[in-house]
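To find a chain, count down the sequence lines: A is the first, B the second, and so on, and within it residues start at 1.
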2 protein chains.
Amino acid sequence: MVVTAKDVARAAGVSQATVSYVINANPNQRISEPTRRRVLDAAAALGYAPSAAARALRLGTSDAVLLVLPNIPFGHTVAHIIEQLTDDLEAIGLTLVTRRIREPGQALNAVRQLRPIAVIDVAALTEAEHDEIRRSGIPISSSVLAPTSDVGALTVPQDTIGQLQVEHLAARGHRVLGYAAPQDDRVSEFLRLRLEGVREACLDLGLAQPVVVPVELSADAGAAAVRAWQDGSEPITAICAYNDDVAFALLAGMHRLGLSAPDDFAVIGVDNVPLGALASPPLTTIDQNVELLAARIAAYVQFLLGNGPEPVSNGEDTLTLVVRESA
Amino acid sequence: MVVTAKDVARAAGVSQATVSYVINANPNQRISEPTRRRVLDAAAALGYAPSAAARALRLGTSDAVLLVLPNIPFGHTVAHIIEQLTDDLEAIGLTLVTRRIREPGQALNAVRQLRPIAVIDVAALTEAEHDEIRRSGIPISSSVLAPTSDVGALTVPQDTIGQLQVEHLAARGHRVLGYAAPQDDRVSEFLRLRLEGVREACLDLGLAQPVVVPVELSADAGAAAVRAWQDGSEPITAICAYNDDVAFALLAGMHRLGLSAPDDFAVIGVDNVPLGALASPPLTTIDQNVELLAARIAAYVQFLLGNGPEPVSNGEDTLTLVVRESA
DNA sequence: TTGTACGCGTTATCAT
DNA sequence: ATGATAACGCGTACAA
């Protein structure tokens, strides 16, 4: 029922080892063209493909790349990363496996079971865990979307996101900003870092510190937040939203109050979700260029495999402002 | 560096076999409580976890569940399925592996490499491939989101989606409908089936056949489509959109033309994307209840593993109308 | 080109 | 009653 290398060897009239050499095009072995053909034909005829398990057992490492996620909501950006990374890794014969960490220690366990060839951490692991994984011989990548930007090569600096938002609004003449913060505790670290970037940029550019208001994902909440900014003592004219979802809530709330962006309040989001272009007005936002990030992660893994040059590290250059009409 | 069962055995002063019995709580072997404790303590102290590869090799099947996708864009619904399924499977010790099929044959190859415990097909495989996989001893599930609903237990009937849209619009008094079709060839099969459901429902309810207009995902395209319906000879009052993304394009187009739903045209989407509630007006749509679908798939896999009762099959009951204001 | 040892967890068989 | 021994599965790499 299940075809093994032994079956192919028998069918081709060669040894198992020869089958392995042919299948893997082992450069250290010269197999004559006729034998090569016989093996390949037999393999095709029988429908043979090497068992990933046997390979992994022998090699000591699997074809898996482990993507470790914290328990955050699975928004457009994360989904897009997974999509891109799955494709990019598949193209080089690797398999993406995602694990969402809910309890500490889960990640280490997954690593020990899977023996992945690399671990990509999206802000789910502690430094101690990183060390532990590296010590176990797995070349772990640095933390994508890492809280701190000091760990390595593949970080998306969250503070820069906030800075870019403020810079754009300041360039448009806004002087007093609001900040729309999500309520979800699971993203509080991302929020903290983005807000930090906003605060720094305000300081640098001589703006007042932002008036932070929590916003849930509903038109009601959006309207309430807008009223809060209106009723406050500060003359707020523009709002940085934590992400596009929050920005949508603000736009919906403004619509309900008979207000509109950018005249009553300018609104800028983060993520460049596809629907942002279809909002009324179309949403100005910060794009994270997930395709490029995924490609760089894949290149990094290639490098770890010894099949590529030292890859470029990821940083601010994947972040770009997308100007539409809302700000 | 890497901890094996042998290390644990040595540390606990027992044999490798005993370690295996304890770790897997093998019911055919009775291990005394003291030894059990020693083994467990040693395993914890050393940070032992069984190698997935060795396990898979020995058992002949891995912990992987293979989700096979066609080369379709990775929208909210697919992303959500992947998210839910990843979590649900992880909860029962299984690993979701996703493969996107671009060339015929890729799926079979992946199956032979991975030896997954189950294969979930999202409309990417032929019947011949299903048979081939089943013949190789893997209990393949039926096709989720299958073009045809005759293959098995876990189908999302696309035609019913169209029917539900029409039934709602008809109940609101609409008699002549437009249908907004996406341009992407990769979803043409889904489009065909949904449209088929729309046509049948129109027939059943005595409505005119829908006026189908292609719509790309931009406000321009949405406006053009709306004008096409306005300029046509039919007195169209409501529009079924292929999905919520298309519906957003229509709403954006209408907004640009100074029109609004539901008064000028009622609009109903499909998918219940989170941002639908924040559209202006909030989007009426068909929810696919992806959580339940994922749970049923997981239950089905459990059943395949012999750890659960015959699971319920998926069908129309996961589809529900979500009435908001756009229709 | 081939023979063969190896990696590691599982389980049937055997020993105490 | 408890636990140990050993065979097994399959692809890889080194020595022959």
Handout entry: Atom-pair distance (CZ on B:Arg58; C1' on C:dG7), nearest Å
Key = 14 Å
Problem - Phosphate OP1/OP2 of D:dG3 contacted by B:Thr35 side-chain N/O (<4.0 Å) - result: yes
Problem - Side-chain donor/acceptor of B:Tyr21 to base of C:dA12, under 3.5 Å - result: yes
Fill in the blank from the handout: Whole-Å distance, A:Leu59 CG to C:dC8 C1', equals 14 Å
Problem - From A:His80 atom NE2 to A:Gln288 atom CD, the distance as rounded to the nearest 0.5 Å - result: 11.5 Å
Exercise for the section: Remember a base hit wins even if backbone is also touched, and classify B:Leu57 as base, sugar-phosphate or nothing at under 4.0 Å, heavy atoms. Expected result: base
Fill in the blank from the handout: Per nearest nucleotide of DNA chain D, the residue lying toward the 5' end, A:Ala52 or B:Ala17, is B:Ala17
Handout entry: Side-chain touch B:Arg38/B:Val14, heavy atoms, less than 4.5 angstrom
Key = yes
Completion exercise
Checking D:dG11, C:dT10, C:dT2 against the side chain of A:Val14 (C-beta onward), the nearest is C:dT2
Problem - Between CG on residue B:Leu67 and CG on residue B:Leu69, distance to nearest 0.5 Å - result: 4.5 Å
Exercise for the section: Could you list the residues that satisfy side-chain contact (heavy atoms from CB on, under 4.5 Å) with A:Tyr21, not counting sequence neighbours? Expected result: A:Ala17, A:Asn26, A:Gln29, A:Ile31
Practice task
Let me know the distance between CZ of A:Arg10 and P of C:dG3, rounded to the nearest Å.
Solution key: 14 Å
Exercise for the section: Considering just the side-chain nitrogens and oxygens of A:Arg55, establish if one lies under 4.0 Å of OP1 or OP2 belonging to D:dT12. Expected result: yes
Handout entry: Distance below 4.0 Å between A:Ser20 side-chain N/O and D:dT12 OP1 or OP2
Key = yes
Problem - Contact under 4.0 Å: A:Ser15 side-chain N or O vs C:dT1 OP1/OP2 - result: no
Problem - Side chain A:Ser62, main chain A:Arg115, donor-acceptor under 3.5 Å - result: yes
Problem - Separation of atom NZ in B:Lys6 from atom P in D:dA6, rounded to whole Å - result: 13 Å
Practice task
When you get a sec, tell me which of D:dT12, C:dG9, D:dC10 is the closest nucleotide to the side chain of A:Ser51?
Solution key: D:dC10
Problem - Short side-chain N/O contact to D:dG9 OP1/OP2 from A:Thr4, under 4.0 Å - result: no
Handout entry: From OG1 (B:Thr95) to CG (B:Leu114), nearest 0.5 Å
Key = 9.5 Å
Practice task
For A:Ala5, report the nucleic acid contact type (base, sugar-phosphate, nothing); a contact means any heavy atom under 4.0 Å.
Solution key: sugar-phosphate
Completion exercise
When rounded to whole Å, the CD1 to P distance for the pair B:Ile23 and C:dC8 reads 16 Å
Problem - Distance test, side-chain N/O of B:Asn24 to OP1/OP2 of C:dT10, below 4.0 Å - result: yes
Practice task
Measure the distance from CZ on A:Arg37 to P on C:dT1 and round it to the nearest whole Å.
Solution key: 14 Å
Practice task
Please tell me which of the listed nucleotides, D:dT12, C:dG9, C:dT11, lies nearest to the side chain of B:Tyr48?
Solution key: C:dG9
Problem - Nearest-Å distance for atom pair CZ/P, residues A:Arg36 and C:dT1 - result: 12 Å
Problem - Interatomic distance, B:Arg38 CZ vs D:dA4 C1' [rounded to whole Å] - result: 14 Å
